[in-house]
Amino acid sequence: MRKLIFGAALLAAASSASIQAMDNPFLSEYRTIYQIPPFEQIRYEHYLPALEAGIAEQKSNVDGITANREAATFENTILALENSAPILDRVTTVFFNLTESNASPEFDEISATFIPRYSQHSDDVMMNDALFARVKAVYDKRDALDSDQRRLVEDYYKRFTRNGALLDPAQKAELKEINTRLADLFLKFNKNLLDATNSFEIVVDNSARLSGLPQSSIDQAADEAKARGKEGKYVFTLHAPSRLPLLQYADDRDLRREMYEGYTSLASSGQYNNYPVISEILGLRARKAALLGFKDFGSYMTDNVMAKTVENAENLLMQIWRPAVKRVRQEVADMQAVANAEGNNFKIAPWDYYYYAEKVRRNRYNLDEAKVREYFALDSVRNGIFTMAETLYGVKFTPLKDAPKYYPEVEVFDVADAKTGEHIAVFMTDYFPRPSKRQGAWMSEFKGSWQNPDGTSSRPVIFNIGNFSKPTAGAPSLLTLDEVETMFHEFGHGLHGMLTRARYKGQAGTNVDRDFVELPSQIHEHWALEPELLNQYARHYVTGEVIPQDMVDRLNAASTHNQGFTTAELVGAALLDLQFGKLNPDGPVDVAAFEAKVAKELGMPAELTFRYRSPYFKHVFGSDGYASGYYTYLWAEVLDTDGFELFKEKGIFDPATAKAFRENVLEKGGSVDPMELYINFRGQEPTVDALLRNRGLDDASINLKDTEKKK
């Protein structure tokens, strides 16, 4: 994206909306191939005028809906509302996606105006009494509609009521103030987190301290030092491709501790301190829930998803937490034995966990991850993912060389039916870390999907973001097993977006219940290490040889290694999130003390902590998306492990099973109740047994449907 000088003059120009449609790409349909956003034409000064134009357009369309003298119907009210904001859809989709993946000071300045303005407008629509009256009129007569239409009406009705439609004017005004302030706080939390991450570095000037690290990690650290003007030294950052290898392989214990303490204290002090931000968020969320008639924010967030209540989510998590902690104790004992045998006179600490877990794995399974990574070059893994998709679902990926892209490293693919050539979607990948990109990996879209009135389908533009190990001068990007699984995971989300056939955009792709959305992503992780697929894509990056069978056998034997740690830190974070949702504070919250209290009550093993400490728990405090909903990864894992057992029983590429999953899960989106979709695919209700088997934990049994009914 072309950078321009940005200041008061530009803001004034933006406020006057003086840029004409012919100059602003957002103000009309894109004329690019498959309507990919024309990134090379988009300039910073386009965003605010397009936002104002989009708001004006939707206001006009809403006025048209409410002024209609005909009785409210699905077509003239719900569908009209669904399609009321094409300009807003275009500008907000690009804006919010690029602020996450390609941030800049210019975007920061625009955000200060853009985000509160957009939040206020959204509240205006959701609290429009005349509009809600028409939505309710359709809702009251919904039984005569088709099943997907009825569900969409119910979703809209619930969306309005959950956003204040039933409140009196004074309460609506207060809710608007809360939402505007929350939008500001989310922006501040995310900026603090990005800035704190980018400001941290560990500089090593003695190569002897790098003992144990793979050469690829050393090369990356040298490249990072050079990029920061410290050539001849080594720089390590908090990005996962830098942080995790250091914790896993560095023999220097002080170096491991410095990295661990840097990560677990991220954004918790100084100018990027997120504790005050979190405290205010918690208070505002509690007040918002009370205004809307809920006992706490957690109850508000779980009311409209599969779990229904915080207690149901907790019940599921505790069934997993107990065996996970039991396994942690076994893992720590195994690691302590290795440390003792080496003559080390110390007790295993959190910064030792990755390091000694790797040693136990090497001893027990004769696996060296540095050697394993040589068979998982990023391009090979992506080829494996595409092979999986073509074999399961009959879709083919072809590079779109001249397609618009928002960053040079982005790659773009045309997704088509392998037999007919029918265009299905556009798929983009953006896999390497940079200072302008937040941490983590995710899927999103630049354009959704829907059915047009003439029966044709408008197809989506989907993308995957990662922060994977970068190529070095001597080697391509070589992925860890965790990174491989993450690629498959995010691609599963991508398939959900690409293969959707739902009629309405509000139900297409990943527009499903939050605790169902992780099913397509997590189930596709299982293919990553299946020998039948591994033998097609896992090849040595130098020799091209297929991964040896004995290594595959050892990988599968080690598949449950360290699952106590992995599970406990994940479940612990999910339980912490739910406890935050129960708070109804009457003043500032000591967030660090509360987090410590939860850890103590859970019996958190001293050798580990929550997967995300509160100041960098972006899922929960960077937006409302996963707030009181981080548990959904495990809720969905109950579904994905149970579902994959059907593939294992029938064959991992069994056409009938793949067809059933595609038609009942990937294509339907949110047009049908998620449990109904799952049962239609699987033929039965899920239990937690498969999850525990998959993770190698103790036996336990709980019926998800029964949990759902306990209110």
Please determine whether the number of non-hydrogen atoms from other residues, nucleotides or ligands lying under 6.0 Å from atom CG of Asp550 exceeds 12. yes

Ring of Tyr156, cation from Arg159 - is the NZ or CZ under 6.0 Å from the centre and inside 45° of the axis? yes

Ring centres of Phe647 and Phe653 under 6.0 Å apart? no

Quick check, are the ring centers of Tyr44 and Phe107 under 6.0 angstrom apart? yes

Taking every heavy atom of Glu369 against every heavy atom of Leu481, the minimum-distance pair comes out as OE2-N, 3.2 Å

Quick check: closest heavy atoms across Tyr34 and Lys447, and the distance to 0.1 Å? O-CD, 4.3 Å

Is the distance from the ring center of Phe114 to that of Phe95 below 6.0 Å? yes

Between Lys405 and Asp430, does at least one N-O distance fall below 4.0 Å, as a salt bridge requires? no

Decide if the gap between the ring center of Tyr537 and the ring center of Phe386 is smaller than 6.0 angstrom. no

Looking at every heavy atom in both Val412 and Val426, which two are closest together, and how far apart are they? CG1-CG1, 3.7 Å

Which atom of Phe39 lies closest to which atom of Met428, heavy atoms considered: CE1-CE, 4.0 Å

Check whether the ring centres of Trp635 and Phe516 lie less than 6.0 Å apart, and answer yes or no. no

What heavy-atom pair brings Glu445 and Phe463 nearest, and what distance separates the two atoms? N-CE2, 3.7 Å

Can you give me the closest heavy-atom contact between Ser671 and Lys668, atom names plus distance? OG-O, 2.7 Å

Aromatic contact between Tyr504 and Phe74, with the criterion being ring centroids under 6.0 Å apart: yes or no? yes

Geometric cation-pi criterion Arg142 and Tyr139, 6.0 Å radius, 45° cone: yes

Would you please name every residue forming a side chain to side chain donor-acceptor pair (under 3.5 Å) with Asp379, sequence neighbours left out? Arg382

Would you say the ring centroid of His619 lies under 6.0 angstrom from that of Tyr630? yes

With sequence neighbours excluded, residues passing side chain to side chain contact (heavy atoms under 4.5 Å, CB included) with Lys659: Glu663

